[in-house]
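To keep things clear, I will list the structure first and then write my remarks on it.
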Amino acid sequence: MEEENKYLGTGNIPKLMLKFSVPCVLSLLVSALYNIVDQIFIGNSELSVLGNAATGVVFPLFVISQAFAWCFGDGCAAYLNICQGRNDAEKAHKAIGSGLTLTIISGLLLMALFYPLKIPVLTLFGASENSIGLASEYFVIILGFFPVYMAMNMMNGVMRSDGSPAWAMASMLAGAATNIVLDALFIIVLKLGMAGAAWATVAGQTVSLVICAVYFTFFTKTFKLSLKSLIPDFKVFVHALKLGVSSFITQMTIVVISVLCNVMLSKYGAMSPYGKDIPIALIAVESKVFTVVISIVVGIVLGCQPIIGYNVGADNTDRVKKIYLYILICTLTVSITATILFEAAPRAVAGIFGEPDPAQGIDTEMYWDFAVKLFRIFLMFITFTLTIKMSSIFFQAAGRPVLAVIASVVRDIVCFVPLACILPMFYGIDGVLWAAPVSDFVAIIVAVVLTVLYFKKLKPKQEKEAERD
């Protein structure tokens with residue numbers, strides 16, 4: 001393992017970032033296409049705004065499944081890289097095998113939980129009487145493939161940390177291509193509606209999983225799985241779980257925010273000229289657009305995870321600092337570009353997902369008015385949002401899950417949740433939108449403080465050895 005990965009501690013950092021991050025960014029962008037393509041085809045079909053609202057209601061349930069998959073996958077990936085720095089191959093394969101088994105079990109448990117509670121859950125998540133039927137039709141099919149979707153996500157993260165970002169990208173690209181082709185066939189040609197969108201999505205996920213399984217069976221570089229590896233070893237897996245818990249908490253906070261936004265937008269939308277369905281449909285569109293942008297930043301830092309983990313494990317302090325600086329520069333470049341786009345052309349961005357259909361009772365003028373307002377206010381400080389997210393993932397890769405959790409939770413739970421509940425009392429539906437930039441402003445201060453403290457306490461290898469002596 002040491003010989004396989006020692007270049008992570010000596011190679012040129014920008015070149016390493018290009019090698020690892022570009023495939024990871026492309027992989028996550030392709031992954032984002034699973035939901036975005038559905039949204040675009042649905043929005044431009046006869047399903048229109050109500051179809052978009054239906055997928056928006058289902059979105060939090062996708063994130064719940066990702067919370068478990070990314071917790072196990074990101075934790076195993078970070079632990080694998082730290083094991084590489086310590087030259088410890090034995091614990092790595094046990095942790096990864098345990099994580100894969102527990103991911104599949106979690107998917108089965110989520111199916112058992114959500115099938116009988118389908119209608120109450122979708123209603124809780126913001127489905128109106130107009131969209132509940134479409135949401136239910138879509139979700140029933142998606143839920144049946146949760147174990148496939150979760151296993152694919154878990155394995156994809158480990159593949160990147162194993163030094164094979166191209167395999168991870170290939171698995172996602174093949175799945176997305178399948179999804180796009182079948183979306184066009186099922187929705188546009190065969191007119192299968194929401195069921196067609198769902199079947200196209202799960203078919204793509206299955207193709208991705210098959211490619212991941214082939215890699216895990218024949219092509220792994222720094223670990224080898226056997227049937228024995230798949231028997232959960234909790235004594236070893238707990239170390240990976242600690243590193244992945246921040247991913248779980250981060251994803252679950254997204255669930256809380258998504259549900260809260262849907263509930264508050266539905267409540268205060270009904271009191272406004274927009275009604276219930278316009279805000280719900282457009283927040284679904286916004287979340288998919290935001291997913292594209294954040295996938296770039298997350299892809300950059302996750303791609304660097306092997307470099308970060310290895311150098312932290314090897315106590316290469318100076319390289320860890322340089323890696324952080326390069327990632328920060330990339331994050332600021334992406335986020336400032338996105339801010340300019342969303343502030344200057346919000347209607348054009350929202351228009352990609354279709355026009356409102358007056359036959360559904362949707363007021364076209366109100367639809368576009370809210371679209372412009374949503375993008376300009378809600379994503380005003382997206383630069384802060386992405387920097388916070390980048391810092392959280394960096395801390396996780398560096399083996400500091402507590403810092404990762406704090407950086408994420410302050411923005412989403414401590415700030416956004418209470419503000420999204422309080423501000424609408426005074427400013428109506430606009431108050432829900434303003435909760436985001438205010439939360440970003442407060443949370444970025446906390447993230448900066450955590451980062452400064454982390455690097456102040458980071459000690460080089462020589463100093464650690466001197467303290468032991």
Side-chain angles (χ1 to χ4, degrees), residues 1-5 8 20 24 65-109 147 150-165 167-168 171 209 212-251 301-314 393-402 404-405:
M1 181 182 289
E2 177 65 26
E3 289 298 318
E4 181 74 32
N5 293 280
L8 296 174
F20 285 89
C24 187
S65 68
Q66 285 180 334
F68 287 94
W70 289 4
C71 173
F72 300 150
D74 290 353
C76 288
Y79 188 61
L80 171 62
N81 295 140
I82 291 173
C83 285
Q84 289 168 356
R86 296 171 179 170
N87 197 25
D88 186 354
E90 179 65 19
K91 291 181 180 178
H93 84 85
K94 290 182 179 180
I96 293 168
S98 299
L100 181 56
T101 299
L102 293 174
T103 299
I104 295 171
I105 292 174
S106 297
L108 295 172
L109 291 176
M150 293 169 64
M152 176 265 291
N153 273 283
M154 182 273 172
M155 297 166 79
N156 209 269
V158 174
M159 286 160 62
R160 290 191 295 269
S161 288
D162 192 41
S164 299
W167 270 91
S171 72
L209 177 64
C212 291
V214 169
Y215 177 85
F216 266 57
T217 304
F218 301 108
F219 298 103
T220 55
K221 295 179 179 179
T222 61
F223 68 94
K224 295 294 180 183
L225 291 185
S226 63
L227 291 177
K228 188 177 180 180
S229 304
L230 299 175
I231 301 174
D233 185 333
F234 293 101
K235 185 176 180 180
V236 174
F237 181 69
V238 70
H239 299 292
L241 185 62
K242 289 177 182 178
L243 296 174
V245 71
S246 63
S247 290
F248 180 83
I249 293 174
T250 298
Q251 290 302 107
V301 65
L302 278 182
C304 291
Q305 183 171 276
I307 316 170
I308 299 166
Y310 183 94
N311 285 282
V312 168
I393 299 174
F394 179 89
F395 291 141
Q396 176 179 300
R400 300 299 297 273
V402 175
V405 171

Side chain to side chain contact (heavy atoms under 4.5 Å, CB included) evaluation trace for Leu225 with Phe223:
CA-CA 7 Å; Leu225 291 185; Phe223 68 94; 3.8 Å; yes
Mind checking whether Phe72 and Phe248 have ring centres under 6.0 Å apart?
no
Keeping [X] on the side-chain end and [Y] on the backbone end, is there a donor-acceptor pair under 3.5 Å?
X	Y	result
Asp233	Lys94	no
Thr103	Ala151	no
Asp162	Thr220	no
Ser161	Val158	no

Output the distance between atom [atom1] ([X]) and atom [atom2] ([Y]), rounded to the nearest 0.5 Å.
X	Y	atom1	atom2	value
Gln305	Ile307	CD	CD1	10.5 Å
Asn153	Ser65	CG	OG	7.0 Å
Leu109	Leu102	CG	CG	10.0 Å
Met154	Ser106	CE	OG	10.5 Å
Ile104	Met150	CD1	CE	9.5 Å

For [X] versus [Y], what's the shortest heavy-atom pair and its separation?
X	Y	result
Ala95	Ala240	CB-CB, 4.2 Å
Ala168	Arg160	CB-CG, 3.6 Å
Ser164	Lys221	OG-CE, 3.4 Å
His93	Lys224	CB-O, 3.5 Å
Val301	Ile308	O-CD1, 4.3 Å
Cys76	Phe237	SG-CE1, 3.8 Å

With side chain to side chain contact (heavy atoms under 4.5 Å, CB included) as the test, would you mind laying out the steps for Leu241 and Val245 before giving the verdict?
CA-CA 6 Å; Leu241 185 62; Val245 71; 5.6 Å; no
Quick one: are Phe216 and Met159 in side-chain contact, heavy atoms under 4.5 Å?
yes
Does any part of the side chain of Asp74, heavy atoms only, come nearer than 4.5 Å to the side chain of Trp70, both counted from C-beta?
yes
Any chance you could lay out the side chain to side chain contact (heavy atoms under 4.5 Å, CB included) test for Cys212 and Asn156, step after step, and finish with the verdict?
CA-CA 7 Å; Cys212 291; Asn156 209 269; 4.1 Å; yes
Verdict with reasoning, Ile393 to Leu302, per side chain to side chain contact (heavy atoms under 4.5 Å, CB included)
CA-CA 7 Å; Ile393 299 174; Leu302 278 182; 3.7 Å; yes
Classify the ring geometry between Tyr79 and His239 as parallel (under 30°), tilted (30 to 60°) or perpendicular (over 60°).
parallel
